[in-house]
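Presented below is the structure to which this report refers.
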Amino acid sequence: MASPTKKKVTGPDFSRNNYIVLGIGLFLVILGFIIMGTGDITISPILLVLGYCVAIPIGILLPAKKVDKSGSSARSDG
């Protein structure tokens, strides 16, 4: 019986753009909670929804750009 080969486990394939969008989402969430602490209940839910439901999922699902050996970048197809 052949021994099973171990597959190398790697982390998520994030690029710089992914981290920027995730950072924007985190900033919106923190800003929403700060504004909610001041008592404004109009703007803070909007910022929280934009952070949690729009920016953070886009940052996670945004495909990372692959760099080939020639140095130009190409988008990943999946």
Side-chain angles (χ1 to χ4, degrees):
M1 209 173 189
S3 65
T5 59
K6 291 187 177 182
K7 189 175 182 181
K8 184 178 179 184
V9 178
T10 60
D13 192 20
F14 285 171
S15 68
R16 184 173 186 232
N17 292 338
N18 294 87
Y19 288 114
I20 290 172
V21 174
L22 284 171
I24 291 170
L26 184 64
F27 174 75
L28 288 173
V29 168
I30 292 171
L31 186 63
F33 278 116
I34 290 172
I35 291 175
M36 188 183 295
T38 64
D40 187 2
I41 58 169
T42 307
I43 302 293
S44 61
I46 295 170
L47 292 175
L48 290 171
V49 167
L50 285 175
Y52 280 124
C53 299
V54 177
I56 291 177
I58 288 174
I60 293 171
L61 297 174
L62 191 70
K65 291 183 179 178
K66 300 285 183 181
V67 178
D68 59 0
K69 292 182 181 181
S70 65
S72 63
S73 63
R75 291 195 72 113
S76 170
D77 288 335

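Counting begins at 1 with the first residue of the sequence. Values below: all heavy atoms of this structure, side chains included; hydrogens, waters and symmetry mates excluded.
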Partners meeting side-chain contact (heavy atoms from CB on, under 4.5 Å) with L31 (sequence neighbours left out)
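For L31 the side-chain contact (heavy atoms from CB on, under 4.5 Å) partners, ignoring immediate neighbours, are F27, I35, L47.
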Under the side-chain contact (heavy atoms from CB on, under 4.5 Å) rule, collect the residues that match up with V54, sequence neighbours excluded.
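V54 satisfies side-chain contact (heavy atoms from CB on, under 4.5 Å) with L50, I58 only.
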Closest non-hydrogen atom pair, [X] against [Y]:
X   : Y   : result
G51 : P57 : O-CD, 4.4 Å
S44 : G32 : CB-O, 3.2 Å
A55 : L28 : CB-CD1, 4.5 Å

Residues clustered with L26, ILVMFWY side-chain links under 4.5 angstrom:
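L26 shares its hydrophobic cluster with I30, I34.
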Apply the hydrophobic cluster definition, ILVMFWY joined by side-chain contacts under 4.5 Å directly or through others, and give me every member besides I60.
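Its cluster mates, by chain and number, are F14, Y19, L22, V29, F33, M36, L48, Y52, I56.
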Tell me which pairs pass side chain to side chain donor-acceptor pair (under 3.5 Å) where either residue lies in residues 20-42, with sequence neighbours left out.
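Residue pairs with at least one partner in residues 20-42: there are none.
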